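Read through the structure below, which is laid out as structure tokens, and then see the notes.
Note that the structure is predicted; figures quoted are calculated from it, not measured. Remember, it's 1-based here, ligands and their atoms both numbered in the order they're listed.
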Amino acid sequence: MNLPNLNQAKIRTNKKPATINAKNIKSTKYQGKKFFLKTYGCQMNVHDSEEIKRILINLGFNETTNYEDADLIALNTCAIRENAHDKVFGFLGRVKHLKKAKPDLIVCVGGCMSELDSVANTLKEKYPFVDIVFGTHNINDLGRLILEHEDKQEIEVYSNEGDIYENIEYERDSKYSAWVNIMYGCDKFCTYCIVPYTRGKQRSRKMADILKEIEELKQAGYQEVTMLGQNVNAYGKDLAENYDFATLLENVAKIGIPRIRFVTSHPWDFTDEMIDIIAKYENIMPYIHLPLQSGSSKILRLMGRRYTKEEYLTLFHKIKERIPNVSITTDIIVGFPNETDEDFNETLDVVNTCQFDGAFTFIYSPREGTPAAKIKDTIPMNIKEERLQKLNKVINDYSLMHNQEYLGKTVKVLVTGPSEKGENMVCGYTETMKLVNIKNACEDIGKIIDVKITDAKSFSLDGEKEIFINN
Ligand code: 5AD
Ligand code: SF4
């Protein structure tokens, strides 16, 4: 048993991360058995789940989408806000009943929640039917943990700075659009955020390894890669080699994969060189997710964000000026401890100035062990909820406004799969990351096609495949 330790998790040393070759264990032990995997949280978790899936398939399992049918249930959890916890424990309540009827069911809990002392202890004391608890640092060991597991609960979670795994096998969800990790962890320690504790220190992959992976994805016919990291534009700062995110972006662009994206960017690490490279290459998509978090310089300082409202605005305008047709989305937290009406109004002012294409908005959720969780808060929850509603209204109006700018235009869309909006409809994303539901293009899944936009809503566009008649 190895329990996590949050105090240990925040220690940063000069130790270089080791590069470890992924195990990729193969076995037929579970042939004919089924697994159910549920993923909570960010794109990083979605991509980690692609690794978990492959590990399970390599042990002989097939996937089922009905958890009641499964022989193994795995939860890949998120710790970013309290409501993510509630969902996981709620689901585990249902699994408990299932396990009573099916004692051989194997239950695994991994991801960011497992990295928290309190969660690991709760699982140990109150959820003994959970067989395996693993963390973010040892996903690659899940195959061994399953093969070796016995009747007793096994908790194997590490709170180290972390290493880098190479040659990981993934069962990718899409054949057209792929996630590629370029770095792991985070060293920013924004005062509200649990990620630097759950994911370890910033570890950039070697540029050659990233380029090789993307080259292979291109050969396999992928149309799009999204480079992933908590803080992608700090890429390389932890490496002895003298290269940064701008160099990586340029080299990826030169591979010639049709679409390149990246998330998430931290305003503090955005350089002019990066803006120039994004503007220079047509295959780097004109879409940037640039978390603001707050429009008040006072709150930004308390959040440890390393920029002021003015610095954010300067960067925002520079990006808008230099990258034609760029769309910019953001993340905003309301109700950080002691956020006053004036502070909140400053956030609204920035939103009104930037007129973001979209935003993820959250009520601040205290995370045990982070500095912000120690601040005594005097703002009542109903005020925070009112602020969120007010903010969402403004955000949605701007999203709709931007979407309406597309009406009647023809845009390039990478068709990713069937649409939820109806039979014979598919969906995909514009270069600027707008979701489009498209009629008459069922045969175009996996292709980049021209779509004429016929309707605009706050969160999506409708369109029809443009047919060009040559005469
Ligand atoms: N409470 C609320 N929102 C948070 N985020 C991160 N930590 C917290 C927290 N403790 C938000 C930030 C971040 C996004 C991924 O989640 O806006 O950018
Ligand atoms: Fe969390 Fe800040 Fe790191 Fe983003 S940059 S993962 S908000 S600590």
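The stretch residues 352-362 participates, sequence neighbours left out, in these side chain to side chain donor-acceptor pair (under 3.5 Å) pairs: N352-Y398, D357-K434, T361-N392.
Using a 4.0 Å cutoff on heavy atoms, I363 counts as a contact of ligand 1. No heavy atom of R199 sits closer than 4.0 Å to any atom of ligand 2.
Heavy-atom contacts of R81 reach the following atoms of ligand 1: 1 (N), 2 (C), 3 (N), 4 (C), 5 (N), 11 (C), 16 (O) (cutoff under 4.0 Å). Numbered from 1 in the order shown, with element, the atoms of ligand 1 that lie under 4.0 Å from a heavy atom of S365 read 1 (N), 2 (C), 9 (C), 10 (N). Per-residue contacts place R305 under 4.0 angstrom from the following atoms of ligand 2 (heavy atoms of the residue considered): 2 (Fe), 7 (S). Counting atoms of ligand 2 from 1 in the listed order, those under 4.0 Å from a heavy atom of H266 are 5 (S). Which parts of ligand 1 touch Q293 is read off a 4.0 Å heavy-atom cut-off, strictly below it: atoms 12 (C), 13 (C), 17 (O), 18 (O). Near R367, the atoms of ligand 1 lying under 4.0 angstrom from a non-hydrogen atom of the residue are 10 (N). Close approach of ligand 1 to Y364 (heavy-atom distance below 4.0 Å) involves ligand atoms 1 (N), 2 (C).
Within the 4.0 Å heavy-atom criterion, the part of F362 lying near ligand 1 is the side chain and not the backbone.
Closest to atom 6 (C) of ligand 1 among all protein heavy atoms lies I80 CG1, 3.4 Å. What sits closest to atom 7 (N) of ligand 1 on the protein, heavy atoms only, is Y192 CD1, 3.3 Å. The shortest contact between atom 18 (O) of ligand 1 and any protein heavy atom is with D331 OD2, 2.6 Å.
Below 30°, between 30° and 60°, or above 60°: for Y235 and Y243 the angle between ring planes is below 30°, a parallel geometry. The aromatic rings of H266 and W268 sit perpendicular to each other, their planes meeting at more than 60°, with 30° as the lower class boundary.
The side-chain tip of K38 points at the ring of F91 from less than 6.0 angstrom away and within 45° of straight on. The cationic atom of R205 (NZ for Lys, CZ for Arg) does not lie both less than 6.0 Å from the six-membered ring centre of Y184 and within 45° of the ring axis.
Remark: R387 engages E339, D341 in a side-chain hydrogen bond (donor to acceptor under 3.5 Å, both in side chains) (not counting sequence neighbours). Listed by chain and number, the residues in a side-chain hydrogen bond (donor to acceptor under 3.5 Å, both in side chains) with K457 are D462 (sequence neighbours excluded).
The existence of a salt bridge linking K212 and E216 is confirmed by a sub-4.0 Å separation between a basic side-chain nitrogen and an acidic carboxylate oxygen. In this structure, D244 does not pair ionically with K237, as no charged nitrogen and carboxylate oxygen lie closer than 4.0 Å.
For the pair N396 (side chain) and K393 (backbone), a donor-acceptor distance under 3.5 Å is absent.
For F316 and F356, the distance between ring centers is under 6.0 angstrom. F89 has its ring centre less than 6.0 Å from the ring centre of Y127.
Protein N/O/S atoms closer than 2.8 Å to atom 1 (Fe) of ligand 2: C193 SG.
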